[in-house]
There are 4 protein chains.
Amino acid sequence: MRTEAGRPGRPGRPRSERAEQAILDATVHAIGDCGVDGVRCEDVAARAGVGKATLYRRWACKEDLLIAAFASLAAPLPQPRGESVREDLIAMAEVLAEGAMDPRYARQFALLHGEGERYPRLLARYKEQVIEPRRELIRSVLRRGVATGELRPDTDVEIAMLALTGAVMARGKGDTTPAAPGFAARVVDALLRGIAAR
Amino acid sequence: MRTEAGRPGRPGRPRSERAEQAILDATVHAIGDCGVDGVRCEDVAARAGVGKATLYRRWACKEDLLIAAFASLAAPLPQPRGESVREDLIAMAEVLAEGAMDPRYARQFALLHGEGERYPRLLARYKEQVIEPRRELIRSVLRRGVATGELRPDTDVEIAMLALTGAVMARGKGDTTPAAPGFAARVVDALLRGIAAR
Amino acid sequence: MRTEAGRPGRPGRPRSERAEQAILDATVHAIGDCGVDGVRCEDVAARAGVGKATLYRRWACKEDLLIAAFASLAAPLPQPRGESVREDLIAMAEVLAEGAMDPRYARQFALLHGEGERYPRLLARYKEQVIEPRRELIRSVLRRGVATGELRPDTDVEIAMLALTGAVMARGKGDTTPAAPGFAARVVDALLRGIAAR
Amino acid sequence: MRTEAGRPGRPGRPRSERAEQAILDATVHAIGDCGVDGVRCEDVAARAGVGKATLYRRWACKEDLLIAAFASLAAPLPQPRGESVREDLIAMAEVLAEGAMDPRYARQFALLHGEGERYPRLLARYKEQVIEPRRELIRSVLRRGVATGELRPDTDVEIAMLALTGAVMARGKGDTTPAAPGFAARVVDALLRGIAAR
DNA sequence: CAATAATCGAGACGGTACGTCGCGTCTTGGG
DNA sequence: CCCAAGACGCGACGTACCGTCTCGATTATTG
């Protein structure tokens, strides 16, 4: 018989999945408490009830640990219901807006915008695995809108996507006040209707 | 003899203006090289040819030094020419887009988005002195557009401002490619016309 | 079928004698290479081609392993031939002198002199099983000399034994040069004749 | 004016002599408490009220620290009074015997005999700075005895020195009982008179 | 012959000390 | 009173070894 995943069972004691998860959880909490690099690996190990070696056996350095911690947060975007482009955009914008206020997710943007050169691989991987999927999902809704005729045929999908996500994420950076109800809808509507007279 | 500012010359050797400027320059370069808190005060002092005490005599901690360094970058926003709302918005968006690509300014956004909890006073001050003036300038142009009838009377100025700045700043975070020419214009136009059919 | 020793065979796989010997050999080599507690159990196990558990199943800790390793070195003292006290003492002194140069045995004295508090049981056992027998053998030769009249009747056996063994072992600690030929004889003769004029 | 030693005063804050001494003291105590390499640098620094960097700024590793700590113990041998070779030898033997019982000095012999390969430079330096001077002092007394006719003209000075020091140091290794009064004298007398009949 | 049980090599586990590095402060001699 | 230089106490970093534990596989005795 094989090990759990059917792979040929390397010799030696297998790595503890409990430890792995405990470390990631402790890291996520620490990020929320102390900020991206206020995290101290010693504390993470201690709070996870784990030796430092167990941590460094899996992730060679702080950066790799942070990559993994963020990856474990993978908040699934809502799947577009597909009835109305407007409604789908609003739903996704709400998720983004909510995430931007959650300190844990707020840290993700910190990564994206701020720690790029300190943790370059973290940035690259985060963009690839988190940012791009979200952007692509929004693009796909926009493209669908063009196809169905809900959106103008000359819509610049990329520009629209940036305006939508940018507006949501730019709001209240550093603010602790939650987004006003209806905020996401107002952004989407402004973008749909345009603001120019006529 | 008086000191530079004409104030009544305290006893003792006056502070060296050379040192002050060298420290700020070194800090700005270090920010560009290593990121907001990849900066190490020891390196800054060494690169400025200055003792650490000379640095800490002026700024009590890293955060204060960073505040001063960013302040010294103060890039003036272009004054709106006032002829066309569209043209004024494009001009300002271009400045924002260019700044977002300059690694030195990019660090400013890092601050805004990422280091808020590590350097709270830096964030607050940066928002107050840099972000808000820019936002207010854009708001004023939008309000003018409503007044002149160039923009719809029911325009949500705040939302429009966020969509504009957000789109420009969200583009290509971490990218090194410069914005395509015409990018700022396309953002402004998308926002003006809206993307909904009809 | 019975196990090797004819005892009533416990259930389960019997312990590998190969492993046991390989561990002891590796330990002795490691002691020679790195010193008494420069030995690292992980290296011993690896060099013996054995898992760490196999080692710790036999010896509960490093100290026990060291005890066993030293015991396996048990170099028998030459039996005194009994013809001449002088010749017997020289023979024994030569063995001591030779042993003092052998790095493996040199480590034994390290134990005696240096690691007593770190490995107290090792020290106690080593003294009991190695040092005392040697000393006692020398004492017995000296006592025989007093009885036969070869040595002065007021000889202080303990003092003479200490002077003899001490001289031999004190020579060239840390030296790599072998004892000059005749060294042991010269020590014994100096002790026999005394150095005072007349 | 110059710094303490008259040397040309390097720039920067001078190293604290207090810290240096506190570290050495803490090390000596730790050696006495825990043994040569039971010493933990972190504890030494803590007990000395000093940061680890301050310790490592002076001594690159544990070994160097131990070298310095032992050097600071430099117990001066009594100067021979020069009246009687026998009395001088006894005086020196008494100092050696006393030192051999002092746990702090006992550690020195541990070094000499046991840790040679783990701390080779420590051993070399210790031999050069502590052992050799002592041996040389004893040799000089012996040579004086030969010259004055107190000792036999064919005395093997080296052998006699080894017998004397070896006997004193071999006694009761690991024992906690103090040397019996008169022990040193008995060793010296045995060596002077010889133990052979006639 | 099957079941049971202790062994094997391998290597992960929780701890703890190591030696390094950066922070913000302090202390020199010399303008 | 300032300057450059650099030592100070502190505390996190990432490494290495201890003695324990957990795998799948092997090798004996026992039912």
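Proteins come first, then strands; the chains are lettered A, B, ... in the order of their sequence lines, and each starts at number 1. Just so you know, these numbers use all the heavy atoms, side chains as well, and skip hydrogens, waters and symmetry mates.
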Sub-4.5 Å side-chain heavy-atom contact between B/Leu65 and B/Lys62: no
Using atom CG of B/Asp43 as one end and atom P of F/dA4 as the other, report the distance to the nearest whole Å. 16 Å
Look at the side-chain N and O atoms of A/Lys52 and state whether any lies under 4.0 Å from the OP1 or OP2 oxygen of F/dG14. no
For residues B/Asp25 and B/Val28, determine if any side-chain heavy atom of one lies less than 4.5 Å from a side-chain heavy atom of the other. no
A/Lys62 atom NZ is separated from E/dC21 atom C1', nearest whole Å, by 13 Å
Between B/Arg57 and F/dC3, is there a side-chain N or O to OP1/OP2 distance below 4.0 Å? yes
Roughly, in whole Å, what's the span from CZ in C/Arg47 to P in F/dC17? 14 Å
A/Glu20 CD to E/dA12 C1': how many Å, rounded? 12 Å
Atom pair distance, as rounded to whole Å: CG in B/Leu65 and C1' in E/dG22: 15 Å
Contact nearer the 5' end of DNA chain F, comparing A/Gly12 with C/Arg40: C/Arg40
5'-most contact on DNA chain E: C/Ala48 or B/Glu42, nearest heavy atom basis? C/Ala48
Expressed as a whole number of angstroms, how long is the span from A/Leu55:CG to F/dA12:C1'? 13 Å
Minimum heavy-atom distance D/Ala26-D/Val44, with the two atoms named: CB-O, 3.7 Å
Would you say a side-chain N or O of A/Tyr56 is under 4.0 Å from OP1 or OP2 of F/dG14? yes
Taking C-beta and beyond as the side chain, do C/Thr54 and C/Arg57 meet within less than 4.5 Å on heavy atoms? yes
Categorize D/Ala53 for me: base, sugar-phosphate, or nothing, with a 4.0 angstrom heavy-atom threshold over every strand shown. base
Counting only side-chain heavy atoms from C-beta out, which of F/dC3, E/dG14, F/dC8 sits nearest to A/Ala19? E/dG14
Quick check on E/dA5: is either OP1 or OP2 less than 4.0 Å from any side-chain nitrogen or oxygen of C/Arg13? no
Tell me which nucleotide among F/dC8, E/dT27, F/dC13 gets nearest to the side chain of D/Arg58. F/dC8
Strictly below 4.0 Å: does A/Thr54 bring a side-chain N or O up to OP1 or OP2 of E/dC13? yes
Report yes if some heavy atom in the side chain of B/Ile31 is under 4.5 Å from a heavy atom in the side chain of B/Phe70; otherwise report no. yes
Among E/dT7, E/dT25, E/dC18, the one nearest C/Arg15 by side-chain distance: E/dT7
Residue whose closest nucleotide on DNA chain E lies nearer the 5' end, A/Gly49 versus D/Val39: A/Gly49
